[in-house]
Each structure stands twice: as structure tokens, then as C-alpha cells.
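Taking it in order: structure first as C-alpha cells, then the write-up.
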Amino acid sequence: MKKKLSIIICAVFTFVMLTCNVSAVTFTPDFEVYSEAAYLVSLDTGDVVYSKNADEQLVPASLTKIMTAVILLEQFQDDISALSTTYVCGTSECFDELYMTGCSTADIQIGEMVSYKDLLYALMLRSACEAANIIAYNVGGSLEDFVEMMNDKAEELGCENTHFTNAHGLFIDDHYTTAHDMAIITQYAMSLPMFTEIACTESYTMEATAYHTSERTITHTNYMMSKTNGGDYYYEYVKGIKTGTLDEAGRCLVSLAYKDGYSYLLVTLGAPQYDDNGNTVYYNFIDHKNIYEWAFDNLVYTEILTGTEEKAEVAVEYGDGQDYVIVVPAESFSMMWNSNISTSSIHEVITLSTDVVAPVSAGDVLGTLELQYGGETLAVIDLVSETDLGRSESAETLAIMQSFIGSDQFYKAAMYSAIFFLAYTILIIVLKIVVHRVNKKRVKVYATPKRQSSRKKW
């Protein structure tokens, strides 16, 4: 049942991703983006409004844990409350590879019984690597089998430039993703119950256990959410979702932001960890704050095309009363647009159908309208007939007659008619000559006996 439900949810997610009108045109902010790759998508429209090296394969670090959470949540999506009542522990196999790495942990110990819910919070807030391995071991049966599940899911979601080799994100060769793929994974994760709630929580209190006799509070590693810990990086409109840092990866971040009715998802990979003087700097937080402020200040949901705007005339054969119809867009088109750029700079390319024959019904597709900006396609929209146009039988007859005159068939018919007429005329003339000669012969035959008879008498 879980597997079937997982397939259904994934199919719905994929359908939404494919059918929503995702703009191929992005805008460039007027400031430096420090991250190696970035991908900003409007969660309201699906428009990708900013992109930098979005398909470059890079090390994701702990952003990997978003996929780890996805695999676990899919196992409980038919009974999400069971996350709070299902307790598991990790064997030494879950901890061995983590010793001496300096990785992030939530101080969970070998054999400590922890609920899946607490493991998820430890995974997403504290970026706990032991939580990732405990989840992987108990869900997949082994760390290796769980990784295979992660890669299967990435392929299922259409992530063509992603490959995982572990559940926690510590550096290993052949472990990579892209800003674009990570956005796909995160948007799918957000469609699963509890993910967004967990990933955007600023702090959480874990249950007491046999190893931790008192409850303990963990906080999110995205300091942008916290007035207390964030300092200059604090940004009141940002939420979660996951940080990631490695020497090989730089600083990575996936976050959400909501303001004035607009919502965005931003993925950045490969931000520097230090400035030119060797000082520690969270350039991933700087990038996210700058990009969000730019988006909220400049990007507006704008109607680019209205569905009632007359665009062209299409010639129609045999039309009743007229030989054309007006075409209009099949639908209106709106998208996130930079308010500093006039929509008049959008170029329209119209392609119309030819050889259209009446009758035509309102709504019949008779062409396309392609909207272009900067050499890129914003959208391709059908052009449809604005009105009905009936068929005229007399117009059809007249058109057929007019088209016949001057055609090859007409000249052939005329030639054959001329030949027939000439042959007929010759035949008539010949017949007349023959008849005339026969008549003359008859006259001669009848006249001769009379002369002989008269001689004898004389």
C-alpha cells in the first residue's frame, strides 16, 4: 500500500511539474552572487526567475539529507502519526564511518532508542549525520540498500545530474547533484506530510531517552531564521530548509521565503567559506538574503497576454459572408516579471494555419503565438477562432469553377473538346461529301435509260 501511494504521489507531483507554465526566461540581479550555482523558483507560478550554473554537478554536502527525509516520509505517508510512536536505534555500523570526521551530530548514541520523528528533526535542524545513518539502516535494511533507494527516487523525479553514495552527505567521490535537481527534490519533499513543518522549525525539543534522561532542545542551523543567532544574517521572511557545509562543497543552502503574498524556493551551492582575509563568512546566507530582497523588490506577477486580444486574420475558404476569421489567444498568460523591464520588449512570433476551409467553430485552433524575450521563449500559446463561420455552398461552387478555369484540367478539357469538335467537323464534312457524291451517282443512273428509250422510239 505504501509503495502504491508513493507512486501515486510521485505521479501527481511529476504531472504538476510538467504542466505548470515554467518560464525559461530568467532575470539577472545587479549584485554579485557568491555561490557557484543558484536556482530561484516562484512557488506561486513555477517560474524560474533566477538561475546561475543550475545544471552544474556540484557536491551537495548535507543537502543530501533532504532526500534521506523523503525516503523515510514515503514509508509513513499512509500513517504519518506512526513517526512519533516508532522507535529505532542504530548499530555500530551506523557510527563507524562517522568517527573522527568532525561531522554534525545530535549526540545520539549506539543502541539509543529514538523515534523516527525525533530523528527527522535531528536530521533537518541539527544536520545530524548519525540520524541519517540510523534512518538509512532501519528503512533500507543496510546503508547500501538505502542509498539505492535514494538514487531510484532521484531518477524517478527526473533528476538527471544527481547521484548519491551515502545518506548524510559527507564527501565521497561520485556524490553530486545540481541546484536545479535539488530544487526538484525539495519541491517533492514539500508535497509529503510533515516535511515543511519539520524543515522550517526554528527549534525543537527531543524526548528524553535512556541515554539522555532529560529533554533537550535543538535549533536549526539556518541562522537566518533566528534574531538571536543570526546577527546580520537574520532575515525575517526566510524559513528553513537545510544547510550544508564541506571543504569540498563550500557553503550550501536551500531555503524558503514568504512576503507580501509571494513565495520562493532558493537553492545555492558552492558559496565560499572565507573572505579574502581568511575570515569566516556565511556567503550562502548573504546570497539568500540579497536574492530574496531583489526578488521581492523587483519581481511582480504580471499579465503578459490577455485571452481576448485580437492577433491576426486567418483566410478561410467557402466562408458564408466573409473569407476570414479573427484569431485570439486561447488563454491569458501571466508570469513573474521584472517590473524594471517593459513588457513591450517581449517579441511576438505568430504562425497561422493555411488552407483553412469552412465551417469554422469558435475555439478552433488556427495557429500559435510564441512570446520571446532576449532570444528565449516565454510561452507558446494556441491562437483560436474568435467566432463561428458557416459554409457557403454557392461560394464553394463559384470557387470550384474559378479554380477550374486556368487549371491543367481545364486546359486538357479544352484541348480534348477542340480535338473532338475538329474531328466532328471533319466527319460532318466528309459525310456531306460522300452523301453528295452518292446522290450524284443516283441521278446519273436514273437518267441514262431514258435516253436509250427515246432512241429506239425514234
Side chains of K242 and S127 only: does a donor on one sit below 3.5 Å from an acceptor on the other?
yes

State, yes or no, whether a side-chain contact exists between V114 and I134 at a heavy-atom distance under 4.5 Å.
no

For M224, does its backbone N or O pair with a side-chain atom of K289 as donor and acceptor, under 3.5 Å?
no

With distance as the sole test, does N138 use its side chain to make a donor-acceptor pair with the main-chain N or O of V88 at under 3.5 Å?
no

When you look at L369 and L371, which way does the side chain to side chain contact (heavy atoms under 4.5 Å, CB included) test go after all the steps?
CA-CA 6 Å; L369 170 62; L371 300 175; 4.3 Å; yes

Quick one: are L63 and T186 in side-chain contact, heavy atoms under 4.5 Å?
no

Would you tell me whether N298 and N340 have side-chain atoms, one donor and one acceptor, within less than 3.5 Å of each other?
yes

Between CG on residue L72 and CD1 on residue I135, distance to nearest 0.5 Å
5.0 Å

With heavy-atom distances below 4.5 Å as the criterion, would you say the side chains of Y324 and V360 are in contact?
no

Keeping the roles fixed (side chain from E148, backbone from E144), state whether a donor-acceptor pair exists under 3.5 Å.
no

Would you kindly say whether E370 and T377 are connected by a side-chain donor-acceptor distance under 3.5 Å?
yes

Just checking D276: does its CG atom have more than 12 heavy atoms from other residues, nucleotides or ligands closer to it than 6.0 angstrom?
no

Less than 3.5 Å apart, any donor N or O on the side chain of D79 or S81 sitting next to an acceptor on the other?
yes

For residues W337 and V300, determine if any side-chain heavy atom of one lies less than 4.5 Å from a side-chain heavy atom of the other.
no

Within 6.0 Å of CG in N279, more than 12 heavy atoms from elsewhere:
yes

Could you grab the distance from atom SG of C94 to atom CD1 of I110, nearest 0.5 Å is fine?
8.5 Å

D364 side chain vs S361 backbone, donor-acceptor pair below 3.5 Å:
yes

For H288 and T268, test the side chains for any donor-to-acceptor distance below 3.5 angstrom and give the result as yes or no.
yes

Can you find a side-chain donor-acceptor pair between K52 and S35 that sits under 3.5 Å?
no

Is it the case that the side chains of S255 and Y292 hold a donor-acceptor pair, with the cut-off being a distance below 3.5 Å and no angle test?
yes

Can you confirm whether the side chains of T217 and T205 place a donor and an acceptor under 3.5 Å from each other?
yes

Heavy-atom closest pair, residues D174 and T165
O-CG2, 3.3 Å

Which heavy-atom pair separates I108 from A122 by the least distance, and what is that distance?
CD1-CB, 4.4 Å

Have Y283 and E32 got a donor and an acceptor in their side chains that come within less than 3.5 Å?
no

Minimal non-hydrogen separation, T26 against E376, with atom names:
N-OE1, 4.5 Å

Are F285 and Y235 an aromatic pair by the rule of ring centers under 6.0 Å?
no

Could you walk me through whether V316 and D323 pass the side chain to side chain contact (heavy atoms under 4.5 Å, CB included) check?
CA-CA 5 Å; V316 180; D323 58 359; 5.9 Å; no

To the nearest 0.5 Å, atom CE of M67 lies from atom CZ of F146 at 9.5 Å

Check the angle between the aromatic planes of F27 and Y373 and answer parallel, tilted or perpendicular using the 30° and 60° thresholds.
tilted

Verify, without hydrogens or angle tests, whether R391 (side chain) and A358 (backbone) share a donor-acceptor contact under 3.5 angstrom.
yes

About how many Å separate CD of Q273 and CG of L246, when rounded to the nearest 0.5 Å?
8.0 Å

Might you point out which heavy atoms bring A179 and A37 nearest each other, and give the distance in Å?
CB-CB, 4.2 Å

Modelled atom types, side-chain donor and acceptor of E97 and N166, under 3.5 Å
no

Nearest 0.5 Å, what's the OG1-OH distance between T243 and Y282?
9.0 Å

With a 4.5 Å limit on heavy-atom distance, are the side chains of L43 and Q187 in contact?
yes

I'd like to know whether V41 forms a side chain to side chain contact (heavy atoms under 4.5 Å, CB included) with V49, so could you lay out the CA-CA distance, the side-chain angles of the two residues, the decisive distance to 0.1 Å, and finally the verdict.
CA-CA 6 Å; V41 59; V49 291; over 6 Å; no

Beyond-backbone contact of E236 with Y234, side-chain heavy atoms, under 4.5 angstrom:
yes

Does a donor on one side chain sit under 3.5 Å from an acceptor on the other, for E112 and H212?
yes

Which heavy atom of T178 sits nearest a heavy atom of A54, and at what distance?
CB-O, 3.2 Å

L305/I346 under side chain to side chain contact (heavy atoms under 4.5 Å, CB included): CA gap, chis, key distance, verdict:
CA-CA 10 Å; L305 182 72; I346 298 173; over 6 Å; no

Could you point out which residue of Y39, F296, Y237 forms a ring-ring contact (aromatic ring centres under 6.0 Å, His included) with Y264?
F296

Residues W294 and T28: closest non-hydrogen pair is CZ2-C, 4.1 Å

Is the backbone N or O of T177 less than 3.5 Å from a side-chain atom of T162, with the two atoms forming a donor-acceptor pair by type?
no

So, E130 side chain and A106 main chain: donor-acceptor pair closer than 3.5 Å or not?
yes

Do H168 side-chain atoms and L98 backbone N/O form a donor-acceptor pair below 3.5 Å?
no

So do the side chains of T302 and M336 get within less than 4.5 Å of each other, counting heavy atoms only?
no

Taking C159's backbone N and O only, do any of them form a donor-acceptor pair with H180's side chain (distance below 3.5 Å, no angle check)?
no

Are any of the side-chain heavy atoms of I241 and C200 separated by less than 4.5 Å?
yes

Answer yes or no: does atom CD of E348 have more than 12 heavy-atom neighbours from other residues, nucleotides or ligands under 6.0 Å?
yes

Judged by atom type as modelled, is there a donor-acceptor pair below 3.5 Å linking the side chain of E386 to the main-chain atoms of V328?
no

CG of L40 to CG of L299: how many Å apart, nearest 0.5 Å?
7.5 Å

Side chains of Y87 and E207: do they bring a donor and an acceptor to under 3.5 Å?
yes

Could you walk me through whether Y301 and Y262 pass the ring-ring contact (aromatic ring centres under 6.0 Å, His included) check?
CA-CA 9 Å; Y301 189 64; Y262 292 100; 7.7 Å; no

